Number of protein chains: 2
Amino acid sequence: MPPTPGVPEGKRPTLADVAARAGVSVALVSIVMRGAKGAGAATRERVLEAAREIGYRPDARARLLRSNRSRLLGVQFGLQQPFHTDLVEGVYAAAEPAGYQIALSAVAPSRGERHAVETLLGDRCEALILLGPQAPAALLAELAAQLPVVSVARRLRPAVPGVDVVRTADDEGARRAVDHLVSLGHRDIVHIDGGRAPGAADRRRGYRTAMNRHGLADRARVLPGGLTEEDGAAAARTLLGDDPRPTAVVAFNDRCATGVLDAFLRARVPVPDEISVVGFDDSHLARLAHIDLTTVGQDVRRLADLAVGRAVARLEGEAASDGETSGNETVIAPHLVIRSTTAGPRNG
Amino acid sequence: MPPTPGVPEGKRPTLADVAARAGVSVALVSIVMRGAKGAGAATRERVLEAAREIGYRPDARARLLRSNRSRLLGVQFGLQQPFHTDLVEGVYAAAEPAGYQIALSAVAPSRGERHAVETLLGDRCEALILLGPQAPAALLAELAAQLPVVSVARRLRPAVPGVDVVRTADDEGARRAVDHLVSLGHRDIVHIDGGRAPGAADRRRGYRTAMNRHGLADRARVLPGGLTEEDGAAAARTLLGDDPRPTAVVAFNDRCATGVLDAFLRARVPVPDEISVVGFDDSHLARLAHIDLTTVGQDVRRLADLAVGRAVARLEGEAASDGETSGNETVIAPHLVIRSTTAGPRNG
DNA sequence: GAAACCTGAGCGTGATATGAA
DNA sequence: GTTCATATCACGCTCAGGTTT
């Protein structure tokens with residue numbers, strides 16, 4: 001690597017190097033680099049030029065160390081979950097205009113939530129945004145005692161003090177899915193659930209509520225599923241053996257629904273002609289032209305905005321709304337996205 | 001939040017707080033926390049206990065600031081690419097045993113590679129691991145002048161000085177796919193390519209080479225594709241209009257192949273009965289029971305290991321092998337994973 | 001008085017030098 | 001000499017306070 005002129009070998013340039021080159025004090029360079037006021041236009045230009053020449057780049061960590069604010073939001077997410085990666089994108093977009101940086105920490109089979117959170121804490125994040133956390137409430141409470149914590153898409157019952165929750169009304173989402181199917185003429189509607197996944201309990205409940213309301217309580221049926229394609233496909237294969245088959249399926253999420261779709265297609269059971277399928281999330285997957293899944297949309301951008309907003313509000317010293325210090329819950333409405341995997345039943 | 005006893009309000013505990021509580025010097029606490037030698041067993045225990053009591057946690061940033069080594073590897077990856085998220089998992093697994101931390105920076109539609117890299121540099125990463133970077137060679141060269149850079153899955157021709165490349169032999173992978181199909185009796189084999197995506201050119205070339213070798217040069221046909229399901233589905237729809245149709249497709253990657261599969265299934269063209277499909281990557285997707293895609297496997301774990309290994313080797317001062325200071329290329333062999341989307345042609 | 005600049009201190013660590021048992 | 005412990009400085013930066021026009 002070619003040594004940069006005027007800079008000690010092997011070290012990246014610092015404020016001091018820029019200062020020396022521009023013939024000003026370190027503090028002044030700091031002012032210029034931050035774009036703060038207190039420097040003349042001419043000097044400012046000279047400093048910026050010097051910085052450019054030697055390839056100066058601010059050290060984010062030193063910066064954070066000095067100012068007691070770090071302006072860092074820690075985000076925990078599942079590497080393999082499209083809904084999470086969609087959310088991460090939204091969080092980036094929401095955080096940067098608000099003047100916050102994002103530290104990402106992934107959860108994967110070989111890397112648990114505990115580990116992910118530890119890393120974020122070590123990085124001096126000011127707040128934690130946890131996407132669909134599975135951690136026990138006690139752990140969340142412990143974390144909340146140290147810094148603001150926002151749980152996205154995971155409801156906490158009972159509420160955990162200090163943990164804000166931002167989520168979609170999962171029960172309402174499931175209800176809308178059922179309402180839609182009933183309005184198309186369906187009566188035999190099955191729910192393939194998400195087991196213990198965040199949101200699964202509410203979606204199950206919403207499904208049952210809606211079936212009851214339509215007088216279909218005795219036809220309600222919940223099949224164990226999960227949040228992957230495999231889970232959906234397995235459940236669908238069970239359905240294929242039924243006689244008569246249900247005419248519609250509400251799946252836990254889009255991945256699960258995709259698995260259902262695929263199992264049906266392979267068995268030559270046309271969707272939606274013989275059976276309708278509804279997903280949940282409106283993730284990237286559902287929107288793909290060749291899947292084109294009717295699904296319950298979560299407003300990802302809004303969830304991300306709210307999550308960042310709650311974290312920032314706590315940080316800027318705003319008391320939780322209602323003067324309540326305990327956990328706050330923000331629930332946003334889902335919306336049904338009708339695509340091509342639903343239609344009226346054959347013998348409607 | 002309940003104030004921790006013995007710690008200044010609103011601040012997280014520091015070495016000094018632990019020292020005060022344990023009745024020792026700050027330096028000694030530092031020694032204990034690092035597990036370095038130079039502390040008595042009894043004192044060590046006392047310090048650790050004090051630390052536990054007040055909830056002390058080392059400040060990663062201050063730590064990095066002080067030691068001129070940061071032991072941080074910056075990883076740039078595509079949020080929506082399963083192959084990348086698989087790789088990230090491997091990188092985590094490889095880095096931590098080697099004593100390095102990972103800083104993640106995502107690339108998304110709203111967040112370009114430039115931005116992603118800037119963040120990593122600001123975090124004082126010691127080296128950059130770029131997954132499938134699309135950045136121009138000039139930019140990579142510029143980065144490599146500052147710190148070790150490893151490009152994963154993106155070949156650089158001509159080699160860029162200072163940039164190490166770790167990749168799968170894409171051409172060989174495509175050749176193996178074709179060989180497999182030919183051995184099954186196929187002759188009309190189409191390639192749906194990846195356009196300008198990393199690896200696409202080599203896969204195209206490998207496909208053509210193999211077709212030539214089998215004396216099928218005049219049947220070779222490359223359709224423009226891409227790296228998403230939509231791209232694959234679009235290309236597949238083109239094929240559906242052909243008469244006669246090809247009997248086999250080699251897709252650029254698994255996502256693309258999945259799109260192809262889906263388009264065929266929708267058109268009631270049975271796979272593999274009427275047409276065989278081969279993917280590339282052996283990503284999570286391909287392994288799902290209901291997709292069960294024959295594909296060219298990239299050894300993700302090995303790629304990740306090598307990428308981390310190259311970065312670490314550069315950092316630990318090892319000269320590049322062969323005494324060459326310029327970019328080094330490590331190419332690993334792909335392997336064919338035969339699943340259920342390939343079979344002999346009908347009129348074989 | 002304001003604008004432009006500088007000095008000095010300190011953020012939480014790690015490393016070295018030095019001293020005491 | 002070895003083991004344990006401390007004092008002191010430095011890392012790169014920001015900020016409060018001072019000095020000069």
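Small disclaimer: the values here were computed from a predicted structure and weren't measured. Values below: every heavy atom of this structure, side chains too, minus hydrogens, waters and symmetry copies. Residue numbers start from 1 in every chain, and the chains themselves are labelled A, B, ... in the order their sequence lines are given, proteins ahead of strands.
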Trainee: Please give, in whole Å, the distance from D/dC11 P to B/Leu72 CG?
Mentor: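 Interatomic distance, CG of B/Leu72 to P of D/dC11: 20 Å.
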
Trainee: Donor-acceptor pair, B/Arg310 side chain versus B/Val166 backbone, under 3.5 Å?
Mentor: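 No; zero donor-acceptor contacts below 3.5 Å.
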
Trainee: Walk me through whether A/Ser151 and A/Arg167 qualify under side-chain hydrogen bond (donor to acceptor under 3.5 Å, both in side chains).
Mentor: CA-CA 8 Å; A/Ser151 164; A/Arg167 64 179 181 91; over 6 Å; no

Trainee: How close or far is atom P of D/dG12 from atom CZ of B/Arg61, stated in whole angstroms?
Mentor: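 Taking atom P of D/dG12 as the reference, CZ of B/Arg61 is at 16 Å.
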
Trainee: When you measure from the side chain of B/Arg154 to the backbone of B/Leu131, do you find a donor-acceptor pair of N or O atoms at a distance under 3.5 Å?
Mentor: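 No: the side chain of B/Arg154 does not pair with the backbone of B/Leu131.
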
Trainee: If we ignore hydrogens and angles and just use 3.5 Å, is the side chain of B/Asp164 paired with the main-chain N or O of B/Asn328 as donor and acceptor?
Mentor: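 Side chain of B/Asp164 to backbone of B/Asn328: a pair is present.
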
Trainee: Using whole Å, report how far CG of A/Leu28 lies from C1' of D/dT19.
Mentor: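 In whole Å, D/dT19 C1' and A/Leu28 CG are 14 Å from each other.
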
Trainee: Counting N and O atoms only, with roles assigned by atom type, does the side chain of B/His84 sit under 3.5 Å from a partner on the main chain of B/Gly78, one being a donor and the other an acceptor?
Mentor: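 At least one qualifying donor-acceptor pair exists.
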
Trainee: How close or far is atom C1' of C/dA4 from atom CZ of A/Arg46, stated in whole angstroms?
Mentor: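 Spelled out: CZ on A/Arg46 to C1' on C/dA4 is 12 Å.
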
Trainee: Would you kindly give the CD-to-P distance between B/Glu45 and D/dC4, to the nearest whole Å?
Mentor: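 Those two atoms, CD and P, are 15 Å apart.
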
Trainee: Identify whether any heavy atom of A/Gly38 sits under 4.0 Å from a base atom; if not, whether one sits that close to sugar-phosphate; answer base, sugar-phosphate or nothing.
Mentor: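 The answer is base, as A/Gly38 lies within the cut-off (heavy atoms under 4.0 Å) of a base atom.
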
Trainee: Each nucleotide in nucleotides 9-20 of chain C should get exactly one letter: B, S or -. Can you fill that in based on protein heavy atoms under 4.0 Å?
Mentor: BBBBBBB-----

Trainee: Using atom types as modelled and distance alone, determine if a side-chain donor or acceptor of A/Arg61 lies under 3.5 Å from a backbone N or O of B/Arg61.
Mentor: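 Not at all, since once roles are kept as given, no pair shorter than 3.5 Å links the two residues.
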
